Amino acid sequence: MSQTRETLITMANQIATFFQSQGAPDLAARDTAQHIKDFWAPRMRRDLLDMIAAGEAQRLSPIASDAMHRLK
Amino acid sequence: MSLITEKDFGTPASVATETVTLTIDGQAVTVPAGASIMRAAGQMGTQIPKLCATDMLDAFGSCRLCLVEIEGRAGTPASCTTPVANGMVVATQTPKLAKLRKGVMELYISDHPLDCLTCAANGDCELQDMAGAVGLREVRYGYQGHNHLNAATDASNPYFTYDPAKCIVCSRCVRACEDVQGTFALTIAGRGFGSRVSPGQSELFLGSECVSCGACVQACPTATLTETKVIEIGQPEHSAITTCAYCGVGCTFKAEMRGEELVRMVPYKDGKANRGHSCVKGRFAWGYATHRERVLEPMIRASTDDPWTVVSWDEAISHTASEFRRIQAKYGKDSVGGITSSRCTNEETFLVQKLIRAAFHNNNVDTCARVCHSPTGYGLKTTFGASAGTQDFDSVEHCDVMLVMGANPTDAHPVFASRMKKRLRQGAKLIVIDPRRIDLVRSAHIRADHHLALKPGTNVAMLDAIAHVIVTEGLVNETYVRERCDLEDFQHWAAFVARPENSPEALEAVTGVAAQSVRAAARLYATGGNAAIYYGLGVTEHSQGSTTVMAIANLAMATGNIGRPGVGVNPLRGQNNVQGACDMGSFPHELSGYRHISDEGARNLFGADWGVTLDADPGLRIPNMLDAAIEGEFKGIYIQGEDILQSDPNTKHVAAGLAAMECVVVQDLFLNETANLAHVFLPGSTFLEKDGTFTNAERRIQRVRRVMSPRNGYADWEVTQMLARALGYPMDYQHPSQIMDEIARLTPSFAGVSYDRLDALGSIQWPCNETAPEGTPLMHMERFVRGLGRFVVTEYVPTDEKVGPRFPLLLTTGRILSQYNVGAQTRRTENAAWHEEDLLEIHPHDAEERGVKSGDWVKLASRAGETALRAKITDRVAPGVVYTTFHHPLTQANVITTDFSDWATNCPEYKVTAVQVSRGNGPVDWQISYAEKASRSRRIEATS
Ligand code: SF4
Ligand code: SF4
Ligand code: SF4
Ligand code: FES
């Protein structure tokens, strides 16, 4: 797996960590998804979804993973 | 065009609101109380002779030339030091005064060389003018006596010359250095007749404390301190008002010309950002515009291994267009993009993003603000509703407590730093939060009340600890919070920061700062009166950059420090037009005026005006473009006025991304480092060669005026326009003012901006529209732009970049006064006299442990790469921390930095890299091979 795609996991996890800290667990995945939608190019979202589908995104945190499912 | 002359009123304006009426030479005049008689006379058009007074400085009263007679008062008081009073009757010209003035002038002239005809200041000398004004016809004292006519000239400073033979010891230079610049480099040495101006302890200017700001040169009424260029070229004959192209302070200058040759830049007193002051860069470091290495003809090449081939503009543009069309046909429309420049004008930046959105048909546009202040945009928009600082610079004059965090104003924003220092000398308190002991912590007549020297990467922990103190010690401004902010968010935030784990005591181990210092600083910030926060890249360039900006906003709201003069949240912007580049829609998710690309209304407005359908999805950011290139999906880039190979983190990654592209187009003044990997080079133009506007850190839009024709043939906006046309997209602007009209039409916060309005008002701070037709100096006055201020919980998350046994030290980076960013311009000026190379600052303890001495070569290694540079041992940095600048390509400090970045914006984490330092014996292999490759890549095929 390439280093650049690995970066996407790191980025998604960082975003999830921030929204998780806002204290409302039910909202964290929603807000993470919205942030990714607002700031990531479609190509990046697609690449990360491909990685999830291929089982290459184990490192993704539960909230980030939940968020990505909402973006399918 | 003629030379713009500004009237010198002799003493500063009084800010009093009450007025006083007096009679001068039989004429009644009404002026603000506290004004001097000299100023009042000036206001009615009467120039009282003067030498030691100038309106940039407080009156001193030493030359005795400005004497007047006042009815009912004995003697002849100095008009510069005597304030006006109601009913006062003043005479400025009487036989008695004429005699006294002649006597004074005679003494001055008797010790002054009479070589006026050949003097560089001939025609611009106040001594000469005053000799005329007082009617001096003969000098009774000869040169036989003791005089100073043979005193040696000091030409050590590359930009100005000190010729003491011409000095009249008026001390204007000394006072300018103290009051205006705040450096205190000059003294009057000796006494009485033997007294002379002297830098430091009779040093040369270059070796002294002098920072070459030029304030003394500007203040000097004679030819004693003169710009070397004036000596070489002669007096200018016309001038135009323009804006500095270096930093985000945005100083206004008179560009004084002789034909098409620039003679000198003189700070404009009416400039709202600089009020007549400047730094060494803006005033003196413009020689790069005519540097021999500037590339003036377009060049192309098939492969980056080939030498460049010089081609015509037509060929370069049509080649570029056909390459971009070919790439898009082969790899899809999203396979190309571009980068706008924070150094170019608003109009040029707007045009590049328009080219990308309308002619490339995608949103793959980004700007170098990505790597500096993108977290400011995100953080302040989230909390306040507007992606910009809240104050104007004048606000500092009302500030009681300054909190300076992750910024080094005396080096990076020198003119604003001078204004800060002036306020600090008047008694304002100072809190500095920075890992390094910046100059402001201890400088002439200034001592920081608190310097919280935290470990790099712990900003959020520090701000949470400060917030903890404010909330738990009952220092919240509850009325303000109740009226202005979202209460539910506030309570949520207050409960979070009040947790024991956010106390200064609990976080002491994280930040490395003693709890009681944090508590004292927090109390001072919350209770010391008007408190303002000034911050820089030491806040934004972290993995929690956006969180830190929000934590700053929280503090300001909790203490009620937003919405009036003297307070606020003030990002100190790095490059001259970084604010403008952000405003102009340079980010892939945003149109001009910060409207999200998914906002259908905004998108349709632009679409209709531009005759295209815009893509609703955000495009790629710079790091994402590079990643996509490495993945083989991104193939062509148009880079205007940026050197991403040198300025962006993890150089090797940037190089790999660029190398994977098929068409890299660089538009710049010089063959910069990025151009080593480019296929097309389009020569750029300097700020002296084009019309446009820049927007400074206070949201102030200011004109840039063309004073010479572009040496490369075209202004940058014209090049973008040619490229758009070649791609089949019509652009037909005759002048940048038409681009501004389009910006105004499409951007609500710019609705009232036009070149005519700018000419009339001098400058405009956005938002400027129907409700604020003259612009908006202070934001969020009655309410926040977003309605209620929003508190955001800011949990400290340590960066993934951690020290360990292999990399035990933390590297942080910064810049110095005389150089600017990657140094492409400043290195090509005489500023090299102050900074020949980047140095690694290391604490004596860490140096000793490694056997490193000052001046030794050291190897600096991180997980990303290694480089070598010379060491400088200093306790400015704490043990465990090392520091360097990034001005020189040989150092390539960004070989070391990693690609960790801010969670919200991908702003790189420049300010924290785990490194190891060891003794070295010169440049490492990588630097040597890089230098070889770079010089090979710069070859230009000889034209037959
Ligand atoms: S150039 Fe500036 S710093 Fe240097 S002596 Fe003059 S006023 Fe002071
Ligand atoms: S150098 Fe110029 S400003 Fe300074 S004391 Fe001499 S004449 Fe006055
Ligand atoms: S570099 Fe900045 S502070 Fe210096 S003159 Fe230019 S705008 Fe002013
Ligand atoms: S100008 Fe007033 S004393 Fe010199």
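By convention in this document, chain letters (A, B, ...) are assigned in the order of the sequence lines, proteins followed by strands, and residues within each chain are numbered from 1. Everything quoted here is computed from the prediction, not taken from an experiment.
The side-chain heavy atoms of A:Gln20 and B:Val797, taken from C-beta on, include no pair separated by under 4.5 Å. Here the side chains of B:His653 and A:Thr7 are not in contact, with every heavy-atom distance at 4.5 Å or above. Between A:Met44 and B:Asn624, the closest side-chain pair of non-hydrogen atoms falls below 4.5 Å.
More than 12 heavy atoms of other shown residues, nucleotides or ligands fall within 6.0 angstrom of atom CD in B:Glu501.
Using a cutoff of 4.0 Å between basic side-chain nitrogens and carboxylate oxygens, B:Glu631 and A:Arg46 are not scored as salt-bridged.
Across all their heavy atoms, A:Met11 and B:Asn906 have their closest contact at CE-OD1, 3.3 Å. When all heavy atoms are compared, the tightest approach of A:Gln14 to B:Ser901 is NE2-O, 2.9 Å. For the residue pair A:Arg45 and B:Asp617, the shortest heavy atom distance occurs at NH2-OD1, 3.3 Å. The nearest pair of heavy atoms linking B:Pro618 to A:Pro42 is O-CD, 3.3 Å.
Listed options B:Trp493, B:Phe900, B:Tyr378 were ranked by heavy-atom pairs under 4.5 angstrom with chain A; first place goes to B:Tyr378. Ranked by non-hydrogen atom pairs under 4.5 Å with chain A, the options B:Glu590, B:His492, B:Gln544 are led by B:His492.
Looking at A:Phe18, only its side chain comes within 4.5 Å of chain B, counting heavy atoms on both sides. For a residue to count as touching a neighbouring chain, one of its non-hydrogen atoms must lie under 4.5 Å from one of that chain's; by this rule B:Asp615 does not touch chain A. Residue contact with chain A, scored on non-hydrogen atoms closer than 4.5 Å, involves the backbone and the side chain of B:Ser543 alike.
Here CD of A:Glu6 is found 11.5 Å from CG of B:Asp627. Values are rounded to the nearest 0.5 Å.
Residues of residues 789-796 of chain B having a heavy atom under 4.5 Å from any heavy atom of chain A, listed by number: B:Val792, B:Val793, B:Glu795.
Panel note: side chain B:His589, backbone A:Lys37; no donor-acceptor pair is recorded below 3.5 Å.
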